[in-house]
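See structure below.
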Amino acid sequence: QVQLVESGGGLVQAGGSLRLSCAASGRTFNIYTMGWFRQAPGKEREFVGGINWSSGRTPSYADSVKGRFTISRDNAKTVYLQMNSLKPEDTAVYYCAASPNWLIRSNSGDYDTWGQGTQVTVSS
């Protein structure tokens, strides 16, 4: 079983930056990709981006965050979401998720382990 714990959320002004972390523990050899999702009040959960767990190469991003957000991974089983040039519409609860699929997928149903979520609020 895999456990995921996010941290790093908070309140920031528009144009500012935040870095979210997602620490994985447990049976991490079952992880092939890691994804970040977000859910704003009254909206469906949406894909933000993902990264190959073993290689850390070739992250994939949603068009809405491309060029502003960066996903990376270190060797200590932690995945990061660096968020720059934040906008009020980025306000949401952000979740990291682990998938046993080799390909990075944008469908939340392809991820079987989720973190507890961390709130990001961007003020205008």
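Keep in mind that the numbers below use all heavy atoms, side chains included, and drop hydrogens, waters and symmetry copies.
- Sequence neighbours left out, not one pair with a member in residues 63-93 passes ring-ring contact (aromatic ring centres under 6.0 Å, His included).
- Distance alone, capped at 3.5 Å, places no donor-acceptor pair between the Gln82 side chain and the Ile71 backbone.
- Applying the salt bridge (charged side-chain N to carboxylate O under 4.0 Å, His left out) rule to Lys87 yields no partners; only residues at least two apart in sequence or on another chain are considered.
- Residue pairs meeting the disulfide bond (SG atoms under 2.5 Å apart) criterion with at least one partner in residues 65-95, sequence neighbours excluded, are absent.
- Thr91 contributes a side-chain N or O that, together with a main-chain N or O of Val122, makes up a donor-acceptor pair within less than 3.5 Å.
- In this structure, Leu81 CG and Ser72 OG are separated by 9.0 Å, a value rounded to the nearest 0.5 Å.
- With sequence neighbours excluded, the residues forming a side-chain hydrogen bond (donor to acceptor under 3.5 Å, both in side chains) with Asp63 are Lys66, listed by chain and number.
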Under 3.5 Å, which donor-acceptor pairs link side chains of residues 14-28 to any protein atom two or more places apart or in another chain?
residue	atom	partner	partner atom	Å
Ser17	OG	Asn84	OD1	2.9
Ser25	OG	Gln3	OE1	3.4
Thr28	OG1	Lys77	NZ	3.3

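- Listed by chain and number, the residues in a ring-ring contact (aromatic ring centres under 6.0 Å, His included) with Tyr111 are Phe37 (sequence neighbours excluded).
- Connectivity analysis of hydrophobic side chains (ILVMFWY, heavy atoms under 4.5 Å, direct or indirect) links Trp102 to Tyr32, Leu103.
- Without hydrogens or angle criteria, Glu6 side chain to Cys96 main chain gives a donor-acceptor distance under 3.5 Å.
- Among residues two or more places apart in sequence or in another chain, the salt bridge (charged side-chain N to carboxylate O under 4.0 Å, His left out) test is passed with Arg68 by Asp90.
- Under the side-chain hydrogen bond (donor to acceptor under 3.5 Å, both in side chains) criterion, Thr121 pairs with Gln119, not counting sequence neighbours.
- For Glu89, there are no salt bridge (charged side-chain N to carboxylate O under 4.0 Å, His left out) partners, not counting sequence neighbours.
- Asp74 meets the salt bridge (charged side-chain N to carboxylate O under 4.0 Å, His left out) test with no other residue; sequence neighbours excluded.
- In this structure Asp112 satisfies the side-chain contact (heavy atoms from CB on, under 4.5 Å) test together with Pro100, sequence neighbours excluded.
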